[in-house]
Amino acid sequence: MVSPRIAGSSSNALEFNPTDGETYLLNKGAGGRKNPQTTFSSPAKTFANMFISIVGAGVLGLPYAFMRMGWVMSLLLLSFIALLTCYCMMLLVKTRRRLDAIVEDSSIVSFGDLGFAVCGPPGRVVVDFLIVLSQAGFCIGYLIFIGNTAANLMNGDGSAVRGLNVYLTGGVEILGFSLKSLVIWACVPFQLGLNSIKTLTHLAPLSIFADLVDLGAMGVVMAEDVIKMMRHREDLVAFGGLSMFFYGMGVAVYAFEGVGMVIPLEAEMRDKRKFGKILSISMVFIFLMYGGFGLLGYFAFGENTKDIITANFGKGLISTLVQLGLCINLFFTFPLMMNPVYEIFERRFCGGQYCLWLRWLLVVLVTLVALLVPNFADFLSLVGSSVCCALGFILPAAFHLLVFKDEMGWSGWIVDSGIIALGMIFAISGTWYSLMEILKITV
């Protein structure tokens, strides 16, 4: 019986039973029973954790996506992605519950565990690979935001971004004069220190502070949008072209990405029967917040909406504090979002042991990629289209189909297969259009 070790979140071990070809995840603590000391979450805490898991930097690119797609198409697309994301999240929960019912004392506590249980080692490899891309992609987006925002605050005329474009076309010496690149490089020593911390417990107060700053900043941004709308009404577009649909789809998928946290949150909830209701309420609340944020930003600035909405504000004290607050939020969120990447790499290359040089290498690689991507919203669309579509739509439907295939009717097959096909169409088309937008800017 093979028992490879899981690095990170628990003391569980994976075991493969060769007698019947099924993969099990067995809880090895307390004689095969779940630890009675486990603290379970209330519905309110689950709602808060779900909110924090989904809402992030992606919301800052929504007004720009509304401008590119048109406000009616954007709202329709956001509502569709919210419904589809919620449905696919529940597919993962149902799949986990069925495997728990089949295998006594089963302990599936992560997306990777579920991939291993359904498809064996290849399933875990695929999930791990996509999680690394998505989490690293989030952190690249954070650095782009910090660099662009700092450049906007320091010179206000966009020369830093133009300098980076010159650098990408061959002017290597321009790199030293780009405010964006200098700010991103200045973050590296501090991020090396923060990402060297073995446990995230010490970062918990900073994480809570960052979330509060994020909510406060969003509220101030929406208030500023309303003031701008009252002073001047912009010309608005209701529907964009087909290419803009796929572009906006990637941004929307990125904004709602949080599927990797669904299984851990459901596993830790005290009354699991209420999880579906809490998840639905969370998604409705987030959709309303996203829709309002995108609408107000686009209505306020019209065709002049920038890829990061905060770049549209002037040099006032409130605007400066909001932008600095968002930068602080993303700066301290960076090591938290990179932690799953470290767990995966250390499990696969260091036997599950802490490895400082590997963490530092990953931080530097993420920084280099951030320097090569000039546009925040275009990068959100690329990550949302390529990686988040696979994690959020394709894999949940595929895992559900594999586990329930013997008892599903033709309608169930059609729904799961349709989601897989739709996810693949979204991923391919969205990735293509996003790459075209990025290349159009950099070339």
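For reference, positions follow the sequence shown, starting with 1. Computed from heavy atoms alone, side chains included, the values below leave out hydrogens, waters and symmetry copies.
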(request) Quick one: pull up CG in Leu362 and CH2 in Trp357 and give me the separation to the nearest 0.5 Å. (result) 8.5 Å
(message) A side-chain contact here means heavy atoms from C-beta on lying under 4.5 Å apart; do Phe393 and Ile420 qualify?
(response) no
(request) First locate atom SG of Cys388, then atom CD1 of Ile81, and finally report the distance between them rounded to the nearest 0.5 Å. (result) 11.0 Å
(message) With a 4.5 Å cut-off on side-chain heavy atoms, are Ile54 and Met89 touching?
(response) yes
(request) Using atom types as modelled and distance alone, determine if a side-chain donor or acceptor of Tyr64 lies under 3.5 Å from a backbone N or O of Gly294. (result) no
(message) Under a 4.0 Å threshold between the charged nitrogen and the carboxylate oxygen, would Asp128 count as salt-bridged to Arg348?
(response) yes
(request) State, to 0.1 Å, how close Gly276 and Met90 come at their nearest heavy-atom pair, and which atoms those are. (result) CA-SD, 3.8 Å
(message) Using side chain to side chain contact (heavy atoms under 4.5 Å, CB included), reason through Val127 and Phe116 one step at a time and then give a plain yes or no.
(response) CA-CA 9 Å; Val127 173; Phe116 191 100; over 6 Å; no
(message) Are the side chains of Phe256 and Tyr290 in contact, using a 4.5 Å heavy-atom criterion?
(response) yes
(message) With heavy-atom distances below 4.5 Å as the criterion, would you say the side chains of Met283 and Leu279 are in contact?
(response) yes
(message) Give me the atom names and distance for the closest heavy-atom approach of Leu99 to Ala117.
(response) CD1-CB, 3.8 Å
(message) If I take atom CZ from residue Phe111 and atom CG from residue Leu92, how far apart are they, to the nearest 0.5 angstrom?
(response) 4.5 Å
(message) Tell me whether the count of non-hydrogen atoms from other residues, nucleotides or ligands lying under 6.0 Å of OH in Tyr354 goes above 12.
(response) yes
(request) Measure the CH2-CG distance between Trp71 and Leu295 for me, rounded to the nearest 0.5 Å. (result) 7.0 Å
(request) Say whether, by atom type as modelled, one donor and one acceptor occur between the side chain of Trp360 and the main chain of Leu192 under 3.5 angstrom. (result) yes
(message) Checking the side chain of Glu346 only, and the main-chain atoms of Cys355 only, is there a donor and an acceptor separated by less than 3.5 Å?
(response) yes
(message) What I want to find out is whether Lys272 reaches Glu266 closely enough, with some N-O distance under 4.0 Å, to be called a salt bridge.
(response) no
(message) Ignoring hydrogens, what is the shortest heavy-atom contact between Gly423 and Cys389? Give both atom names and the distance.
(response) O-CB, 4.0 Å
(message) Within the structure provided, determine whether Phe129 and Ile344 are in side-chain contact (heavy-atom separation under 4.5 Å).
(response) no
(request) Return yes if some donor-acceptor pair links the side-chain N/O of Thr149 with the main-chain N/O of Ile146 below 3.5 Å, else return no. (result) no
(request) Heavy atoms only: give me the nearest Gly291-Leu75 pair and the separation to one decimal. (result) CA-CD2, 4.0 Å
(request) Spell out, as yes or no, whether a donor-acceptor pair under 3.5 Å connects the side chain of Ser134 to the backbone of Ile131. (result) yes
(message) Could you measure the distance from the CG atom of Leu296 to the CG atom of Leu62? Nearest 0.5 Å is fine.
(response) 12.0 Å
(request) Walk me through it: do Thr85 and Val259 pass the test side chain to side chain contact (heavy atoms under 4.5 Å, CB included)? (result) CA-CA 8 Å; Thr85 300; Val259 67; 6.0 Å; no
(message) Donor-acceptor check, side chain of Ser417 to backbone of Ile414, threshold 3.5 angstrom: yes or no?
(response) no
(message) Main chain of Gly115, side chain of Arg124: is a donor-acceptor contact present, judged purely on distance under 3.5 Å?
(response) no
(message) Determine whether Ile428 and Trp432 satisfy the following criterion, side chain to side chain contact (heavy atoms under 4.5 Å, CB included), listing intermediate values before the conclusion.
(response) CA-CA 6 Å; Ile428 295 173; Trp432 173 260; 5.7 Å; no
(request) Supply the atom-to-atom distance Leu402 CG to Thr95 OG1, rounded to the nearest 0.5 angstrom. (result) 9.0 Å
(request) Write down the atom of Gln135, the atom of Pro340, and the distance for their closest heavy-atom approach. (result) NE2-CG, 3.9 Å
(message) With a 4.5 Å cut-off on side-chain heavy atoms, are Phe287 and Ser79 touching?
(response) yes
(request) Using atom types as modelled and distance alone, determine if a side-chain donor or acceptor of Gln191 lies under 3.5 Å from a backbone N or O of Phe331. (result) yes
(request) Determine, step by step, whether Leu77 and Met69 satisfy the side chain to side chain contact (heavy atoms under 4.5 Å, CB included) criterion, reporting the C-alpha distance in whole Å, the side-chain angles of both residues, the deciding distance to 0.1 Å, and the verdict. (result) CA-CA 10 Å; Leu77 182 60; Met69 288 191 298; 3.6 Å; yes
(message) If I compare all heavy atoms of Met338 with all of Ala136, which pair ends up nearest, and what's the gap?
(response) SD-CA, 4.3 Å
(request) Taking ring-ring contact (aromatic ring centres under 6.0 Å, His included) as the test, write out the residues that go with Phe80, two or more places apart. (result) none
(request) Find out whether Tyr342 and Leu358 are in side-chain contact, i.e. whether some heavy atom of one side chain is under 4.5 Å from a heavy atom of the other. (result) no
(request) State, with a plain yes or no, whether a side-chain heavy atom of Leu91 is found less than 4.5 Å away from one of Phe399. (result) no
